[in-house]
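What follows is a single structure, written as structure tokens, with notes after it.
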Amino acid sequence: MQLLNLIRSRFTPVLSQWVTDPVALQTTLDRIVASREVALADYQANVAMPLQKVVGKPPMEIAQTILNEVKIDDLCSEVSIAGAGYVNLRLSNAYLAKQLDMAFQSENLGVEGAANPKTYVIDFSSPNVAKPMHVGHIRSTVIGDAISKVLKFLGHTVITDNHIGDWGTQFGMIIYGYKYFRNEEAFAKAQVAELGRLYRVVQRIIGYQSTVSGLAEQEKKLILAEQKVALLEAKQSEAASDKKIAKELKSAQNAVKEQSQAILKSKETIAAVESDTAFKKLCDEHCNLESRVLKETSKLHHGDKENLALWESFLPFCKEEIHGIYKRLNVQFDHEYGESFYHEMLPAVVEDLLSRSLAEPSEGAICVFLEGYEAPMIVQKQDGAFLYSTTDIATAMFREREFGPDASLYVVDHRQSEHFQKLFAVLEKIGLTHTHFKHVSFGTVMGNDGKPFKTRAGDNIGLESMLDEAIARAWEVVCDPERLKKARQELSEEDKREIANIVGIGAIKYADLCHNRTSDYVFDMDKMVALDGNTAAYIQYSYARTRSILQRAVGEGYVNADWGQQPILIDHVAERTLALQILRFEDTLAASMTEYLPNGVTEYLFDLARCFSSFFDQCSVLNAESLEQKQSRLKLTVLAGRILKQGLELLGIETVERM
RNA sequence: GCCCUCGUAGCUCAGUUGGAUAGAGCAACGGAUUUCUAAUCCGUAGGUCCAAGGUUCGAAUCCUUGCGGGGGUGCCA
């Protein structure tokens with residue numbers, strides 16, 4: 001049901017008498033929107049005010065003309081003018097009831113789908129394999145999955161590609177680790193775990209070594225910063241009122257503070273390693289490990305037989321690990337072309353750029369210079385190695401050949417926005433102008449302290465342990481014996497496990513999706529599994545209640561052969577509010593996708609669940625006055641439930657029949 | 001230095017791309033229950049939308065400046 005499009009189409013003939021340009025007409029039509037103030041109208045046309053200059057008449061007069069000429073009586077029970085010239089629409093209950101019946105009969109809930117379906121390639125999740133996945137990966141995975149599902153549901157062709165990092169330095173690290181640190185027995189028993197351990201050992205040694213070598217630099221910086229403070233203090237005593245100096249002084253003082261803290265932290269790290277004599281010995285034996293690792297990576301990239309064989313043998317284990325996580329998250333991809341897939345195409349990409357004079361050598365590297373950017377995009381390093389930019393270009397070209405998409409979305413962290421701006425500029429120069437490239441960026445997950453979410457020690461938080469904790473918390477709250485007793489739910493251990501799992505994972509996903517994706521948000525496990533307020537559980541619970549009513553209604557015999565034919569009756573205000581919300585499903589999905597914002601969908605579902613709760617409270621189904629009313633209310637209940645379930649499914653969140 | 005972003009209720013966040021009296025959740029307070037699952041519903045209180053100018057019939061939203069945070073910034077991804 002595309003209500004907005006229908007209403008707008010009724011205004012088109014009236015508005016075209018003043019606005020002839022199709023683009024201007026569309027922007028005018030876009031001013032017909034769902035009303036923010038429910039008490040005033042269902043929909044409102046904010047068109048008369050901006051038209052006053054075009055038409056040369058006062059807004060009230062224009063509104064009156066619209067009122068007289070618009071043919072919309074079959075949809076509306078009331079059309080009126082209010083305020084500065086708003087045209088307010090109230091849909092008739094009869095029309096709402098008719099549409100609800102259609103949605104009820106329809107398998108896909110009356111969703112018509114996009115008038116012009118498009119082909120999308122969506123690049124999301126994209127973790128580096130062989131590195132443990134952490135909180136940072138959740139956003140891309142969950143947001144990308146939701147966007148893919150909604151677009152597909154709206155009738156678009158969607159191709160999802162997990163552009164995994166399977167060719168980078170982390171393989172140099174585990175290859176080196178395997179060669180020098182492996183525990184044969186552990187590897188035979190659990191390859192994935194042992195590879196993870198090797199990765200962490202190498203990373204820790206490199207971390208220690210770079211801390212040691214960086215300490216002198218840090219101390220030098222501290223002295224410089226202190227000197228700057230002294231200088232500025234002297235200046236300030238001469239000119240106390242100079243704001244610029246005061247500001248510089250403040251930032252210099254901050255720099256001193258930051259630098260001292262950083263030095264303190266470095267010293268702690270060093271002390272920790274040095275108290276661990278066995279580990280310290282490893283660090284000494286493998287000096288300059290970072291460059292040794294780079295050498296291993298480089299050998300791999302140049303086709304060294306031993307390293308290539310190791311890479312090939314490790315890769316399945318690494319993939320197995322991430323597939324395990326996707327299975328828990330219930331996320332699937334159409335493709336998983338990793339970086340390694342493009343490796344052989346990279347020299348040709350650079351040659352092509354050079355031959356078309358789009359790229360040029362600079363300081364020993366091959367660069368594409370772009371207008372408006374100080375730094376060029378480097379496509380080949382001094383040492384001849386390629387970079388992620390090169391791979392990204394090759395990837396876009398491959399996708400163009402393979403899928404020819406109308407739009408290509410990259411669901412990636414906002415910190416990479418400049419990279420994507422440059423990438424898209426290069427792609428345009430290359431001639432990939434058919435596709436609309438879009439960086440669907442998102443903000444950072446923060447801890448309670450307002451800093452990026454980390455453990456106390458400063459490590460990233462592992463994704464698996466986070467999921468485990470969410471499920472455990474969900475169990476505590478949902479399967480609390482007191483609550484189950486009060487709700488009169490008797491659940492088997494297996495039921496409880498399933499519910500805790502679905503509620504826990506749903507909580508994590510929903511908490512992420514319900515924030516505007518461009519914002520940073522504070523990760524708060526207590527809140528997301530608290531199960532009241534704007535959470536997945538509240539919506540899942542509402543769904544379970546719809547199922548419970550249906551089950552009882554079946555038991556009491558309202559669901560006979562032709563109950564579905566009983567027309568929906570709208571008498572109570574709670575019925576009407578619920579009805580209208582149900583019919584806004586498709587409009588909301590479509591609107592959420594113009595800027596790919598899944599929080600539009602969560603907000604809708606939360607509102608729908610609240611409309612249902614209010615209806616549940618005020619309009620009893622089983623105790624309604626007549627059989628007709630019972631069946632009508634049951635239809636509303638079932639329809640609301642189907643939309644809640646479908647909506648959550650589009651967000652990658654499952655439902656349970658009882659909770 | 002340059003570029004990008006953010007600043008909304010005590011807290012966490014929305015705000016339909018410039019529309020009517022700025023909204024939700026949590027927390028606080030008051031009411032409803034021998035329940036079609038109270039994980040609920042109904043209500044009250046809570047605001048200098050960072051500040052100052054400007055554009056407009058109309059600004060939290062657009063422009064300028066300032067203040068305060070976060071991020072990026074030539075060989076990681």
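Below, chains carry the letters A, B, ... as their sequence lines are ordered, and counting in each starts from 1.
Position along RNA chain B of the nearest nucleotide to A:Asn448 versus A:Pro50 favours A:Asn448 as the more 5'-ward residue. Comparing A:Met659 and A:His414 against RNA chain B, the residue whose closest nucleotide sits nearer the 5' end is A:Met659.
For A:Asp617, taking side-chain heavy atoms from C-beta onward, the closest of the listed nucleotides B:rC76, B:rC41, B:rU37 is B:rC41.
Between atom CZ of residue A:Phe442 and atom CG of residue A:Asp520 there is a gap of 11.0 Å, rounded to the nearest 0.5 Å.
Under a 4.0 Å N-O distance rule, the pair A:Glu595/A:Lys438 qualifies as a salt bridge. Ion pair A:Arg415/A:Asp413 flagged as a salt bridge, since at least one NZ, NE, NH1 or NH2 atom sits closer than 4.0 Å to an Asp/Glu carboxylate oxygen.
For B:rU17, the glycosidic angle deviates from 0 by 90° or less, giving a syn base.
Near RNA chain B, meaning a heavy atom under 4.0 Å away, the residues from residues 546-555 of chain A are A:Ser548, A:Ile549, A:Arg552. Of all the residues in residues 584-600 of chain A, A:Glu595, A:Asn599 reach under 4.0 Å from RNA chain B with at least one non-hydrogen atom.
A gap of 26 Å separates the P atoms of B:rA45 and B:rG15, to the nearest Å.
Between A:Ser519 and B:rA14 there is a side-chain polar atom (N or O) within less than 4.0 angstrom of OP1 or OP2. When the side-chain nitrogen and oxygen atoms of A:Tyr538 are compared with OP1 and OP2 of B:rC41, one or more of them lie within a distance under 4.0 Å. The phosphate of B:rC36 (OP1 or OP2) has no side-chain N or O of A:Arg633 nearer than 4.0 angstrom.
Centre separation under 5.5 Å together with a plane angle under 30° holds for the ring of A:Tyr86 and the six-membered base ring of B:rA20, marking them as stacked.
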